[in-house]
2 protein chains.
Amino acid sequence: MQTKDYKDEFKQKGLKNTKQRAAILEILQESDRPITAEQVYNELKEKNVPVNLSTIYRNFLFLCEKELVNKLALTGESSTFYEINRMVHRHYLVCLGCKKVLAIDDCPLESYEELLAEETNFVITGHKLDIFGYCADCQKKDLNEQHNKNS
Amino acid sequence: MQTKDYKDEFKQKGLKNTKQRAAILEILQESDRPITAEQVYNELKEKNVPVNLSTIYRNFLFLCEKELVNKLALTGESSTFYEINRMVHRHYLVCLGCKKVLAIDDCPLESYEELLAEETNFVITGHKLDIFGYCADCQKKDLNEQHNKNS
DNA sequence: TTGGATGCAAAAGTTTTGCACGGTT
DNA sequence: AACCGTGCAAAACTTTTGCATCCAA
């Protein structure tokens, strides 16, 4: 996978281009789903990039401030997740069976947000939508398993 | 506000009707937004109901298992939130200024999910939607602060 | 009476912080 | 050289757990 070099973004945003920072951002880029500080830590260990957990947290902080990274909470998870900010508004369709994540291109919420803003007097700045279900493959698997159980 | 007596639900689900459990559920019922263990703890203290934080967490666990309460993670918050299960599908509008959480009753996604299911061959079982912005109060505060800065 | 519920304290897990040192610019 | 970034250790904060005691059924 090709990973982007953030050297220019760093300079522009007043961040130094350190080995750790670049490595953290590379891990985030390579991941197709949000990950935790711990997971980044372990991946860097495997790559023999020396880094401390606190450095990862501190970088998450800076990178979120600079909007290169997004921070998100997932229901049922005790840790915070982080993902690279791909600068496109996207939603995800997550298969609860195989954990496959599908990106959805269109967003059904724009007109709804206007309506909601009127009703509540909020200024609406964003939203987060994840949709869950079972993909075609996992539906088949489920059917097979149920069949086996009953036979 | 009228609060429901959960004595029968407790019996039916095999939970004892203790003073603490009833009080926790009453706090949740009285709240129009999800709240944290800490918040429940403080409210019970004010009401002079003696209770330990660990009791609150343990009750959250049981009450979630029995589906009387829902657990939820909100982006940007370090603690877990809990709300009474009103058996209705709900979304939340979160103020990024004062962290106020507003429940939204209607859901714009039902018809969209049907469409998406057709397109992707997923069976869709659920979704999570949080909307962010600034409430009327915080919009005013922001204006004041900017005014003060410039003067 | 008895098993579940609670209080207390300690532990576990996650995230933050202070400080000295090191590396980029 | 200056200063931001890092490592390390300790602290802070949230949540869980073990155990003795208590109380609802």
Side-chain angles (χ1 to χ4, degrees), chain A residues 5-27 34-42 44-45 47-66 68-82, chain B residues 5-27 34-45 47-66 68-82 99:
Chain A
D5 188 348
Y6 274 83
K7 220 180 292 176
D8 294 341
E9 273 86 352
F10 287 166
K11 186 177 284 183
Q12 181 200 329
K13 293 177 190 292
L15 298 176
K16 283 188 182 169
N17 180 31
T18 66
K19 184 167 53 172
Q20 287 84 351
R21 179 164 293 153
I24 291 168
L25 216 33
E26 193 173 306
I27 296 291
I35 52 182
T36 65
E38 189 78 29
Q39 290 172 318
V40 172
Y41 181 70
N42 290 333
L44 288 179
K45 230 191 232 164
K47 286 191 171 188
N48 290 313
V49 178
V51 69
N52 191 279
L53 244 190
S54 67
T55 299
I56 296 178
Y57 279 111
R58 273 192 277 235
N59 269 290
F60 282 163
L61 208 66
F62 294 141
L63 295 172
C64 285
E65 273 174 16
K66 304 301 183 186
L68 296 174
V69 168
N70 297 321
K71 175 180 182 174
L72 38 120
L74 295 178
T75 296
E77 300 287 340
S78 60
S79 302
T80 307
F81 285 69
Y82 298 84
Chain B
D5 188 347
Y6 274 82
K7 220 180 292 176
D8 294 341
E9 273 86 351
F10 287 165
K11 186 177 285 184
Q12 180 201 329
K13 294 177 189 292
L15 297 176
K16 284 188 180 168
N17 180 30
T18 66
K19 182 166 54 171
Q20 287 83 352
R21 178 164 293 155
I24 290 168
L25 216 33
E26 193 172 304
I27 296 290
I35 52 182
T36 65
E38 188 79 29
Q39 289 173 318
V40 171
Y41 181 71
N42 290 332
E43 295 215 27
L44 288 179
K45 229 191 231 165
K47 285 189 170 187
N48 290 315
V49 178
V51 70
N52 191 281
L53 244 190
S54 66
T55 299
I56 297 177
Y57 279 111
R58 273 193 278 237
N59 270 290
F60 282 161
L61 208 65
F62 294 141
L63 296 171
C64 285
E65 272 174 17
K66 304 300 182 187
L68 297 174
V69 167
N70 296 322
K71 175 180 182 174
L72 38 121
L74 294 177
T75 296
E77 299 289 337
S78 60
S79 302
T80 307
F81 284 70
Y82 298 84
K99 304 297 178 187

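Numbered from 1 within each chain, the chains take letters A, B, ... in sequence-line order.
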Point to revise | Gap between atoms CG and C1', on B:Leu74 and D:dT14 respectively (whole Å) | key: 15 Å
Review point. Is any side-chain nitrogen or oxygen of A:Ser79 closer than 4.0 Å to OP1 or OP2 of C:dT14?
Key: yes
Exercise for review: Could you pull out all residues at least two apart from B:Ala73 that satisfy side chain to side chain contact (heavy atoms under 4.5 Å, CB included)?
Suggested key: A:Ala73, A:Thr75
Review point. Hey, does the side chain of B:Gln20 come within less than 4.0 Å of C:dG7's phosphate (OP1/OP2), counting only N and O?
Key: yes
Point to revise | Working for side-chain contact (heavy atoms from CB on, under 4.5 Å), residues A:Phe62 and A:Leu68 | key: CA-CA 9 Å; A:Phe62 294 141; A:Leu68 296 174; over 6 Å; no
Practice item. Between B:Lys11 and A:Leu15, name the one whose nearest nucleotide on DNA chain D is closer to the 5' end. Key: A:Leu15
**Study point:** Strand contacts (DNA chain C) in residues 51-61 of chain B, 4.0 angstrom heavy-atom criterion
**Key:** B:Val51, B:Asn52, B:Ser54, B:Thr55, B:Arg58, B:Asn59
Point to revise | B:Thr80/B:Tyr82 under side-chain contact (heavy atoms from CB on, under 4.5 Å): CA gap, chis, key distance, verdict | key: CA-CA 7 Å; B:Thr80 307; B:Tyr82 298 84; 3.7 Å; yes
Review point. Can you tell me if NZ on A:Lys47 sees more than 12 non-hydrogen neighbours from other groups inside 6.0 Å?
Key: yes
**Study point:** Separation of D:dG7 C1' from A:Lys45 NZ (nearest whole Å)
**Key:** 14 Å
Practice item. Locate the shortest heavy-atom distance separating B:Ala37 from B:Tyr57; write the atom from each residue and the value. Key: CB-CZ, 3.5 Å
Exercise for review: Find which nucleotide of DNA chain D each of B:Lys19 and B:Thr80 is nearest to by heavy atoms, and output the residue with the more 5' nucleotide.
Suggested key: B:Thr80
Point to revise | Distance in angstrom units between A:Lys13 NZ and D:dC4 C1', rounded | key: 18 Å
Side-chain donor-acceptor distances from residues 8-18 of chain A under 3.5 Å, at least two apart:
from: A:Glu9; atom 1: OE2; to: A:Lys4; atom 2: NZ; distance (Å): 2.8
from: A:Thr18; atom 1: OG1; to: A:Arg21; atom 2: N; distance (Å): 3.2

Review point. Side chain of B:Ser78: nearest nucleotide among D:dT14, D:dA25, D:dG5?
Key: D:dT14
Review point. For B:Asn17 and D:dA24, what is the distance between atoms CG and C1' respectively, to the nearest whole Å?
Key: 9 Å
Practice item. Taking all heavy atoms of B:Thr36 and all of B:Ser79, pick out the closest pair and write down the distance. Key: CG2-CB, 3.8 Å
**Study point:** Rounded interatomic separation in angstrom, taking OH from B:Tyr41 and P from C:dT6
**Key:** 15 Å
Check your understanding: Given atom CD of A:Glu38 and atom P of C:dT16, what is their separation to the nearest angstrom?
Key -> 14 Å
Exercise for review: Could you check how far CG of B:Asn42 sits from P of D:dT14, rounded to whole Å?
Suggested key: 11 Å
Practice item. Grab the CZ-P distance between B:Arg21 and C:dG7 for me, whole Å please. Key: 11 Å
